[in-house]
Structure formats: structure tokens, C-alpha cells
Colleague: 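Sharing a structure below in C-alpha cells format, with a few things to ask.
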Protein chains: 2
Amino acid sequence: MPYPAKLTPEAIQAAAWALLEQGGPAALGMRPLAEALGVRPSSLYRHVGSREALLSTLAEQAASALRAELAAAAGLPPRAALATVAQAYWHFARTRPHAYDLLLTPVAPQAPGLRTPAGKALWGALLERVGALTGHPDDTGHAVAYWTFLHGAAALERAGLYGQSGPQGGVEIGLGALLDRMEAAGHLSSRPAGAPA
Amino acid sequence: MPYPAKLTPEAIQAAAWALLEQGGPAALGMRPLAEALGVRPSSLYRHVGSREALLSTLAEQAASALRAELAAAAGLPPRAALATVAQAYWHFARTRPHAYDLLLTPVAPQAPGLRTPAGKALWGALLERVGALTGHPDDTGHAVAYWTFLHGAAALERAGLYGQSGPQGGVEIGLGALLDRMEAAGHLSSRPAGAPA
DNA sequence: GTCTATACCTTGATAGAC
DNA sequence: GTCTATCAAGGTATAGAC
């Protein structure tokens with residue numbers, strides 16, 4: 001009667017997350033995972049299909065988790081919401097770095113990306129908040145610019161590339177410039193075309 | 001008398017680049033590399049130390065190559081220079097994707113980052129051009145914002161996360177907003193403090 | 001149906017002969 | 001300096017006990 005006694009999807013995923021979050025994808029092997037569960041490696045294949053399938057499942061869960069944290073901005077005015085979303089986004093990337101890059105790394109070549117349900121929901125949430133500020137629903141251009149900056153900051157910090165002196169305020173500067181641009185687009189679009197502000 | 005006849009650092013690195021650029025780090029194994037050189041795998045260890053050491057060497061060379069391409073903006077006025085540097089940066093990331101993420105991925109955990117000679121030179125070049133536009137030498141804040149956006153766009157496109165519809169102009173929007181902000185900082189600083197523009 | 005036992009192949013890496 | 005031989009891990013797969 002070993003500890004978890006049975007292999008359930010939940011138990012497997014929980015153990016997989018533990019290995020992944022401290023040690024990265026390299027530490028999430030089938031053998032270490034089996035050992036953590038008190039089981040032989042091959043037993044996992046009755047539940048998991050393959051290592052890649054397991055990673056895809058975890059990636060989908062990571063997308064859901066990030067989306068959940070981004071809900072923190074609910075009810076705020078548009079600009080404050082986008083600033084809050086940015087903080088939540090970076091907080092997620094900082095506290096769960098391996099979950100974050102699993103989320104954005106296509107596991108299989110030419111695979112999902114963010115074209116999974118959770119990924120699309122995530123993008124939809126971003127689009128909606130950006131649209132609230134610029135006044136254009138489905139404002140893909142501004143949303144791409146915003147997301148590009150969010151990911152750039154998350155990736156550089158996660159890789160330790162800002163150095164020990166940190167981003168030196170550059171993250172706030174860049175985010176501020178982008179939000180200002182979006183806000184300006186909103187003001188312009190709320191007046192008759194050609195009219196001065 | 002096999003083709004390259006002897007194992008030299010140059011021959012090894014050339015073969016390693018060939019494997020890396022088409023196939024990524026996964027394709028750069030010690031066995032394939034040895035086979036490409038007409039040699040037994042263990043022979044490589046007299047010249048290379050380890051696979052990680054080889055990857056670090058290639059990363060350093062990638063940094064130098066990127067820096068060389070960024071010199072394309074020499075002689076241009078500040079704003080045009082930064083726009084040109086951005087295009088060159090993205091061109092490098094697009095045409096040599098594996099070299100690009102080798103460049104920015106710390107090979108060993110808690111390792112270099114960009115704290116190598118070539119990495120520092122790269123950062124120095126960016127800092128100088130940003131300073132020319134904002135009027136502040138060593139304007140780390142604006143340089144970080146600029147680099148963050150450059151990397152974000154490179155990384156998202158490289159990962160295929162913009163989808164098949166592409167960035168939808170979002171890259172130009174974001175870059176424009178950042179350059180405008182830098183230019184504004186330059187105008188402000190060239191006038192007496194507190195004076196209106 | 002679930003797990004154990006076992007085997008195959010690939011990788012990075014090392015020891016020691018020549 | 002290059003070779004042969006070999007090791008420890010890893011992912012994957014199958015046969016068969018219960």
C-alpha cells in the first residue's frame with residue numbers, strides 16, 4: 001500500500017508539476033516521475049500516452065492558471081486594468097517560470113502555440129481589455145504591441161538577462177509609453193474624424 | 001586522409017553551426033557532429049570539453065554576428081538608426097532563429113546571460129544608439145524598454161505565436177510608440193527644466 | 001484494467017589501448 | 001590524437017502476473 005496507492009490523472013499531474021516547477025522540463029522525465037509516484041515507469045503509459053502529451057496537458061493548465069490570475073483586473077477602469085494585468089502577467093512569469101515558458105513553447109514543432117482553448121481564452125481576455133482602452137473592439141494591433149512588450153519583459157527577466165541591476169525602470173517606461181499610445185488612440189476615435197483634440 | 005583530415009577548433013565549430021542552424025540544439029549531438037567530421041564521438045572530447053562548452057562558444061559567436069549586423073545603422077540620424085537597428089535585429093532573429101535563441105538562452109543555469117565580452121559589446125552598441133536619441137548617454141531605462149520590445153517581437157514571431165495572420169501591425173505600433181517616447185525625452189532635456197515645449 | 005519486469009535504442013561522457 | 005569499449009540515464013515498448 002504505497003503512499004498515493006493509485007495512479008490518478010490528478011496525482012500524476014500533481015507530481016509532474018512538482019518536478020517541472022523546480023528543475024524545468026528536463027527534470028520531468030518519465031523515470032523520475034514514476035519514482036516520485038512510487039511506481040514503475042511503464043505504468044505511467046496506461047494513463048499518459050506519452051511524455052509530450054503530458055507536457056501538453058500541463059501547458060494547457062498553465063494557460064488556465066495565467067488567465068485566472070489576470071482576472072485580478074476585473075472592474076478597474078481600462079488603463080488601470082491594463083497596468084494591473086501587466087503586473088499579474090509578470091508576477092506569474094516570475095513565480096512560475098517553468099510554467100510560463102511551457103505555456104509559450106510549442107511542445108511539438110508546428111504544434112499548438114496558443115491555439116488551444118485556454119490559450120485562445122487568454123488572448124481573448126487581453127484583446128477585450130485593450131479594446132476597452134483604445135475604444136476599438138478587436139484592436140489586434142495594439143493588443144499585439146502590448147503582449148509583445150509583456151512577453152519581452154517576462155522572457156528577459158526569466159532568462160536573467162537584465163543582470164543583477166535589474167531593468168532600471170525600463171519596464172515601467174515602456175509600458176507607460178504603450179498605454180499612453182493606446183489611450184491617445186481612444187481619445188482620437190471618440191471625436192469626429194479630423195477634429196483636433 | 002579524410003576530408004578535413006584533422007580536428008581543428010574551426011572545423012568543429014563549422015560543422016556544429018551547420019547542424020545547429022538546421023535542426024536546432026537537439027540536432028547538435030556529439031554523435032552526429034562526430035559523424036559529420038568523419039571521426040569517433042570520443043575524439044571530440046580532446047578538443048571540446050563538453051557539449052555545453054561547445055554551445056557556449058557558439059553563443060558567443062552568435063552575439064558577435066548579431067552585433068556586426070547591427071552596425072548597418074552607422075551614420076544614420078538617431079531615430080532612423082534605431083528603426084534600422086530594430087529591422088536588423090528582427091532580420092537576424094528571423095533568418096538565424098537557432099543562433100538567436102542560443103544567444104539569449106543561458107546555456108548553463110545561472111550562467112553568462114549576456115555577461116560575456118560579445119554580449120557586453122552588443123548591449124553597449126544598443127545603449128549608445130538609444131542615448132543619441134534621448135540625449136542621455138547611458139540611458140539604461142529607455143534602452144531596456146527598447147530591447148524588451150525588440151526581444152518580445154523576435155521571440156513571439158520565432159515561436160510562431162503571432163499566428164498565421166501575423167502581428168497585424170502591432171510591431172510597428174509598439175516600436176513607434178517607444179521611439180516617440182524617446183524622442184520626446186530628447187526634446188525635453190534639450191530645453192531648460194520646466195520650460196514648455 | 002492495472003501494474004511489474006524486462007528489453008531496445010539513443011545520449012553525453014570516460015578509461016585505457018595504440 | 002584517435003580509437004575501442006563501456007557506462008549511466010533517458011523515452012519507449014512489450015509480455016505477462018494478478
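A note on names: the letters A, B, ... follow the listed sequences, proteins ahead of strands, and every chain is numbered from 1.
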Colleague: What is the distance, rounded to the nearest whole Å, between atom NE2 of B/His47 and atom P of C/dA13?
Modeller: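 Going from NE2 in B/His47 over to P in C/dA13 covers 16 Å.
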Colleague: Which whole-number value in Å describes the distance from A/Leu19 CG to D/dG10 C1'?
Modeller: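 These atoms are roughly 14 Å apart.
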Colleague: Are any of the side-chain heavy atoms of A/Arg181 and A/His142 separated by less than 4.5 Å?
Modeller: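 Contact flag for A/Arg181/A/His142 side chains = yes.
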Colleague: Just how far, in rounded Å, is C1' of D/dG10 from CG of A/Leu55?
Modeller: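 Checked: the CG to C1' distance equals 14 Å.
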Colleague: Of the nucleotides C/dT4, D/dG10, C/dG12, which one has an atom closest to the side chain of B/Arg51?
Modeller: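 Of the options given, the side chain of B/Arg51 lies nearest C/dG12.
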Colleague: Can you measure B/Glu35 atom CD to C/dT10 atom C1' for me and round it to whole angstrom units?
Modeller: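 Going from CD in B/Glu35 over to C1' in C/dT10 covers 14 Å.
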Colleague: Just distance, no hydrogens or angles: give the donor-acceptor pairs under 3.5 Å from side chains in residues 72-80 of chain A, sequence neighbours left out.
Modeller:
| unit_1 | atom_1 | unit_2 | atom_2 | d |
| --- | --- | --- | --- | --- |
| A/Arg79 | NH1 | A/Asp180 | OD1 | 2.6 |
| A/Arg79 | NH1 | A/Glu183 | OE1 | 2.7 |
| A/Arg79 | NH2 | A/Asp180 | OD1 | 3.1 |

Colleague: What residues, two or more places apart in sequence or in another chain, satisfy side-chain contact (heavy atoms from CB on, under 4.5 Å) together with B/Thr8?
Modeller: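 Counting only residues at least two positions away or on another chain, B/Thr8 forms a side-chain contact (heavy atoms from CB on, under 4.5 Å) with B/Glu10, B/Ala11.
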Colleague: Of the listed nucleotides (C/dA5, D/dG11, D/dT4), which one gets closest to any side-chain atom of B/Arg40?
Modeller: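 For B/Arg40, the side-chain atoms sit closest to D/dT4.
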Colleague: Considering residues at least two apart in sequence or located in another chain, which fulfil the ring-ring contact (aromatic ring centres under 6.0 Å, His included) criterion with B/Trp90?
Modeller: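 In terms of ring-ring contact (aromatic ring centres under 6.0 Å, His included), with neighbours along the sequence ignored, B/Trp90 is linked to no residue.
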Colleague: Return the set of residues passing salt bridge (Lys or Arg N to Asp or Glu O under 4.0 Å) with A/Arg158 (not counting sequence neighbours), or none when no residue passes.
Modeller: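 Residues passing salt bridge (Lys or Arg N to Asp or Glu O under 4.0 Å) with A/Arg158: A/Asp101.
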Colleague: Encode nucleotides 13-18 of chain D as B, S and - characters from 5' to 3', where the letter depends on protein heavy atoms closer than 4.0 Å: B to the base, S only to sugar-phosphate, - to neither.
Modeller: BB----
Colleague: List the atom pairs, with distances to 0.1 Å, where a side-chain N or O of residues 15-25 of chain A and a protein N or O form a donor-acceptor pair under 3.5 Å, not counting sequence neighbours.
Modeller:
| unit_1 | atom_1 | unit_2 | atom_2 | d |
| --- | --- | --- | --- | --- |
| A/Trp17 | NE1 | A/Gln61 | OE1 | 2.8 |
| A/Glu21 | OE2 | A/Arg96 | NE | 3.0 |
| A/Glu21 | OE2 | A/Arg96 | NH2 | 3.0 |

Colleague: Rounded to 10°, tell me the angle between the two end axes of the helix from C/dG1-D/dC18 to C/dC18-D/dG1, each built from five pairs.
Modeller: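 The angle, to the nearest 10 degrees, is 10°.
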Colleague: So do B/Leu127 and B/Trp147 actually touch side chain to side chain, heavy atoms under 4.5 Å?
Modeller: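 The answer is no; the side chains never approach within 4.5 Å.
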Colleague: Separation of B/Leu44 atom CG from C/dT11 atom P, in whole Å?
Modeller: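 The distance from CG of B/Leu44 to P of C/dT11 comes to 14 Å, rounded to the nearest Å.
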Colleague: Could you tell me how far apart B/Leu7 (CG) and D/dC3 (C1') are, to the nearest whole angstrom?
Modeller: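 Spelled out: CG on B/Leu7 to C1' on D/dC3 is 12 Å.
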Colleague: Name all residues meeting the salt bridge (Lys or Arg N to Asp or Glu O under 4.0 Å) criterion together with A/Glu157; count only those two or more places apart in sequence or in a different chain, and write none if there are none.
Modeller: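 Here the qualifying residues are A/Arg94.
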Colleague: Identify all side-chain donor-acceptor contacts of residues 62-69 of chain B below 3.5 Å with residues at least two apart in sequence or on another chain.
Modeller:
| unit_1 | atom_1 | unit_2 | atom_2 | d |
| --- | --- | --- | --- | --- |
| B/Ser64 | OG | B/Glu60 | O | 3.4 |

Colleague: Taking the minimum atom-to-atom distance to the side chain of A/Met30, which one of D/dT12, D/dG10, C/dG12 wins?
Modeller: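 Among D/dT12, D/dG10, C/dG12, the one nearest the side chain of A/Met30 is D/dT12.
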Colleague: Sequence neighbours excluded, which residues qualify as ring-ring contact (aromatic ring centres under 6.0 Å, His included) partners of A/Tyr100?
Modeller: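 For A/Tyr100 the ring-ring contact (aromatic ring centres under 6.0 Å, His included) partners, ignoring immediate neighbours, are A/Tyr89, A/His151.
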Colleague: Give each protein N/O atom lying under 3.5 Å from an N/O atom of nucleotides 6-9 of chain D, with the pair distance.
Modeller:
none

Colleague: Which side-chain N or O atoms in residues 40-50 of chain B pair as donor and acceptor under 3.5 Å with protein atoms at least two apart or in another chain?
Modeller:
| unit_1 | atom_1 | unit_2 | atom_2 | d |
| --- | --- | --- | --- | --- |
| B/Ser43 | OG | B/Arg40 | O | 3.4 |
| B/Ser50 | OG | B/Glu52 | N | 3.3 |
| B/Ser50 | OG | B/Ala53 | N | 3.1 |

